[in-house]
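A short write-up of the structure that comes next.
Note that these values count all heavy atoms, side chains included, but never hydrogens, waters or copies made by symmetry.
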Amino acid sequence: MFDRIRSDFWYELLNSPVTIVSAIIIVLMIIGCTFAPIFAPHTPFDPATISIMDNNMPPAWVDGADHRFLLGTDLQGRDVLSAMLYGGRISLLVGIGAVALSVVIGMAVGLLAGYFGGMTDAVLMRIAEIQFAFPPILIALLFNGILKASLPADVFAQAAVPIMILAIGLAGWVQFARIVRASTLVQRNQDYVTACRAIGLPTLTIIARHITPNILGPVLVLAMLQIAVAIVTEATLSFLGLGTPLTEPSLGALIQIGSQYLFSGIWWVVIFPGIMLLLMVVAFNLVADWVRDYLNPRLR
Amino acid sequence: MIDILCETKDLKITFPHRLGDFTAVHSLDLQVRRGEIVGLIGESGAGKSTVGNAIMGLLSHPGQVSGGRIELGGENLVDLSDAAMARLRGRRIGMIFQDPMTSLNPLMTVGGQLTESIALLQDVGVAQARQMAIERLDGVGIPDPARRMDQYPHEFSGGMRQRVVIALAMAGDPDLLIADEPTTALDVSVQKQVLDLIKSICVERSLGVILVTHDMGVIAETADRVYVMRHGALVETGPTAQVIQTPSQRYTKELIAAIPSIERREERFRNPAKKTGEIDQWLLQGHKDEGSGDYVTASALTKDFATKKKSFWGKAGTFRAVDIPGLNIKRGEVLGLVGESGSGKSTLGRMMTGLIPPSSGEVTYGDHGPLTDVRSRTARKALRRDVQVVFQDPYSSLNSRMRVDQILAEPIRFHGLADHHDIPRLVGALLERVGLAAEAGRKFPHQFSGGQRQRICIARALSVRPRFLLCDEPTSALDVSIQADMLALLMELRRSLGLTMLFVSHDLAVVRQMSDRVAVMKQGEIVECREAEALYDAPENSYTRMLLDTAPRATRH
Amino acid sequence: MYFLLARLFQATVVMLCVALVGFLVFQFVGDPVLSLVGQETTVEDREALRESLGLNDPILVQYARYVMNAVQGDFGISYSFNRDVSEMIADRLPATVELVLLSGVFSLLLAIPAGIYTGIRRKGGIAQTIMTISIIGVSIPSFLLGILLILVFSVWLNWLPSFGRGDLATVFGLRSSLFTWNGLSHALMPAAVLCLFQLGVILRLIRAEMLEVLRTDYIRFAWARGLPGKRVYFGHALKNTLVPVVTAVGLQLSSLFAFSIITELVFQWPGMGSLLLHAIGQSDIPLLAAYLIFVGLVFTISNLIVDGVYVLIDPRIRHGAL
């Protein structure tokens, strides 16, 4: 059916409907959440527009629903769908921002350690090893907890999103450093790098122009996997009450709010944000898996 | 013919692909008799290994036998079920792979693996299998077999491992042995012993052997009959001596003619036709004729590498990879550096070019002084302009993320050797100078074959207008016909541009063709260093003599 | 032997660094004096307390004292509970260990066969199904899974209790809730939540390693020698996949403790995780620091065990060849 497609990339992609669907989900979510103010039917966090009279409305297809609220409302009468879009925006922002931070730190450390070896390598990698002793989620948790203990409450609440990006980003750099170092070690011993040295190119030029492009593949795959992990970590911290403030809830905080009313039969406040969170994470994982297989055809 | 053991008739092997099937082997007829070694020779892509794998029933996915028959003792193997085929492996057909380092399970003792095979294939108890295993190890020439049974593969040298692999392949006393490049990963001295072992087993057990190789020398020394393959098709077959001495097909003739001789220096390499391109003037810019002194000298040069610590409190030991009192290369001279793997020849070459620092001693360039004094940025740049390298592996020596013209333009730009707008024209001219089209610059390295990539590497080395070229096994990864072109190109460039060269190789024949003088290395030391012709014709050192004696020769005169 | 000694030395260094972080947190986040005595004490009293606590000593002396105390199991007094921190950890530890062991054992028992199977039959329908489930397993946040399980099994079906630890019983001197039906019914859902993620991670790793090993020359040679599939897969391939798998399992142990924090919150399980959340909520620094060191210790010990297993598996490490 796709015989005429010569490019391996498009051939492999078109042969993997799961990946296409995942990629579409990611794109739709990014568009929908980025432009949440345009797409959301309500502005859920503006006290002027919400009415307590609309509280606990079930989704539109259940008896007793209000057609204005497609996925129902929560205890305070906020539209669940709109809250999800606004919440997803925070989840994506934190997920991508934290991974960007991890990539920058991890690449710098990994390239230096891998290229120079010796003491640089030993010191940097010992630090990484010690941090590796602690699961990233625990580091982010403790980091957040310690900041919460040392910062005034209002400052902490105001800076919640940057703090979260910082906490998760600092917790995740080790993975990148390890993979970048390993790839750099391989590349450094390739003859093309020796050829660069024979030409006399400065070390930084060799690292930036020659080695870096050759290690981006595994970094890209790991980054996509880590975005999924960062989104989960953010949701978890928010669920634990350490993340975004309740006035500006991310998906995790929405689920936490909803989980308090599970036993009163109000399931939609938990289920819909939960599904969105799960879809987001699974989609990133599936696309990352496909990219890894594509870059490494031996594993197919 | 009653004594035919294994036979393929009109064998066709295909690898289906969505953009059209690839036929790896076209209608091959091949016969093996008992007690005979049949050579299967060809360059890369000839399909020779595929034939061996097909007989074994171990074609890699998605390859399949798409036509013809494979008969073993009259039975068609193509029709057999997977289970029936599995029962033949080890019992009727044995196989040896190229790399003995990776053929053995690293986590299991050698004796354990052999006992496992014998117990299964000979259907005997473990105790008896173990006893037999010791006898078998003894049989393939492993000294002190009872003790070595309990050692792991990493405790064996390459040659010893290949002996173990042979014992394993023979554990079920098969009738047919397929040896896929069995000595390619081994040094010449060990290669001869392993080939002798295969020959003796073949005779003693009247075994049929299919020897798959790219090396005409191995065929000449070992095979009774030979099949020459090219692009999946049979080119020529016949008794080995006949095919080598009086080849009937053009391809076979070319193939044999391309093999460099170890016996004499050939005219085509000694006095290559001088070519010139418009680029030559640019390449020679700034070069003045400095006469005939030493271009580079090394004195009391050593290189130590740290070895693993043996105990927790002990100090890390060192391994002396190179230890030479001195070595010099004259202007315009090609010095050949030969040695087996681990002899330190590559390390010495890289120290001579300033790519790795020596542990002690000094390398001094006539134009730049001692390397330890070359510290300033400008001095370093000037040195790097004069001294360039061509590497062994054409696949790892080009950055696969850069276009070829970018690869060639970068050094010119970095050293400021041409105006910005002149660079594209120069790059094209350089590519043409090494025998490629100027348009090749617009492609990426993976779009070229190994030989073409090596030409790009040479062009890159030339792009800074060097005086001195280190060639580190530049043709070892190439097919023999391409190797001849590459050697000719290097010699022609040397003559046209007056380059000084250090030519490092394990291949004695190649070194003879290329070098004015030759240094032989063994365990980090130079055992003999003399004029090439004198050294080859009358080696003084016993090690040199042994190397020359064991080197396989395609043609004996 | 040298390998293990070197690793032991490294482990000690790692623990000292972890203790340093714990110490720094302990020392510089918040004012310990203020937390102990409150606002109304006089400046002189505070200074006296500061002196008696040794807070005016050089920082290295304080660090050494902190380490010495920690080695003896003394992590100070919890601000919010006013109790000995190590005593509190000892109280809560069994509940968490119960969960971690139960889920760890189950994830290994399921992941190893499933990983091998999907590695060998990677194109089959069952393998594809397992892989799909595993990707959901590694994707779903554990708190969300916990809530969903509660919603289904406690709210809608009313089969299982949604919170707390069940009845305890003593068997062979071990006191655990896993020895009673009531206790097991309480532990089932939290253990399942904790298990699923680990299961996915380990399964996918074993599969990837299996695929890698099955392509090696010695496996091709094993086929060529005529060994049957069972011997090739289980005799040769499996053992060679073990080294990376053992590493990952060792790493997963400390992440089990980390994820138990969330599980314990969702199911209100009275373990160390809920203690930590309490400590964070109350800014109870001694408790935080002690938890940090505890997780470091778990990681270090599991890593040492991993190294020991390496030595058993791989002769090249035994002989110092790697």
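For residues 166-176 of chain A, the side-chain hydrogen bond (donor to acceptor under 3.5 Å, both in side chains) pairs, not counting sequence neighbours, are Gln131(A)-Trp173(A).
The residue among Gln392(B), Arg385(B), His415(B), Arg380(B) with the most heavy atom pairs within less than 4.5 Å of chain A is His415(B). Between chain A and the options Arg460(B), Gln388(B), Lys381(B), heavy-atom pairs under 4.5 Å are most frequent for Gln388(B). Options Ala198(A), Pro213(A), Pro202(A), Gly200(A) differ in how many heavy-atom pairs under 4.5 Å they form with chain B, and the most are formed by Ala198(A). With chain A as the partner, the residue from Gly354(B), Gly20(B), Ser397(B), Cys457(B) showing the most heavy-atom pairs under 4.5 Å is Ser397(B).
If you measure heavy-atom distances from Leu201(A) to chain B, the contacts under 4.5 Å come from both the backbone and the side chain. Heavy atoms of Leu355(B) lying under 4.5 Å from chain A belong to its backbone as well as its side chain. Looking at His61(B), there are no atoms closer than 4.5 Å to chain A (heavy atoms on both sides), in backbone or side chain.
Listed by chain and residue number, nothing satisfies the side chain to side chain donor-acceptor pair (under 3.5 Å) test with Arg384(B) (two or more places apart in sequence, or in another chain). For Asp373(B), there are no side chain to side chain donor-acceptor pair (under 3.5 Å) partners, not counting sequence neighbours.
Scanning residues 401-410 of chain B against chain A with a 4.5 Å heavy-atom cutoff picks out Arg401(B), Met402(B), Glu410(B), ordered by number.
Using modelled atom types and a 3.5 Å distance limit, the side chains of Asp386(B) and Tyr365(B) yield no donor-acceptor pair. Checking Gln187(A) against Tyr115(A) by side-chain atom types alone, no donor-acceptor pair falls below 3.5 Å.
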Item to complete: Take Asp21(B) and Thr14(B) through the side-chain hydrogen bond (donor to acceptor under 3.5 Å, both in side chains) test and state the conclusion after the steps.
Response: CA-CA 7 Å; Asp21(B) 296 353; Thr14(B) 321; 5.9 Å; no
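Between Lys345(B) and Asp472(B), no side-chain nitrogen of the basic residue sits less than 4.0 Å from a carboxylate oxygen of the acidic one, so the salt-bridge criterion is not met.
When every heavy atom of Val99(A) is checked against every heavy atom of Ala223(A), the shortest pair comes out as CG1-O, 3.8 Å. The shortest heavy-atom contact between Arg89(A) and Thr34(A) is NH1-O, 3.5 Å.
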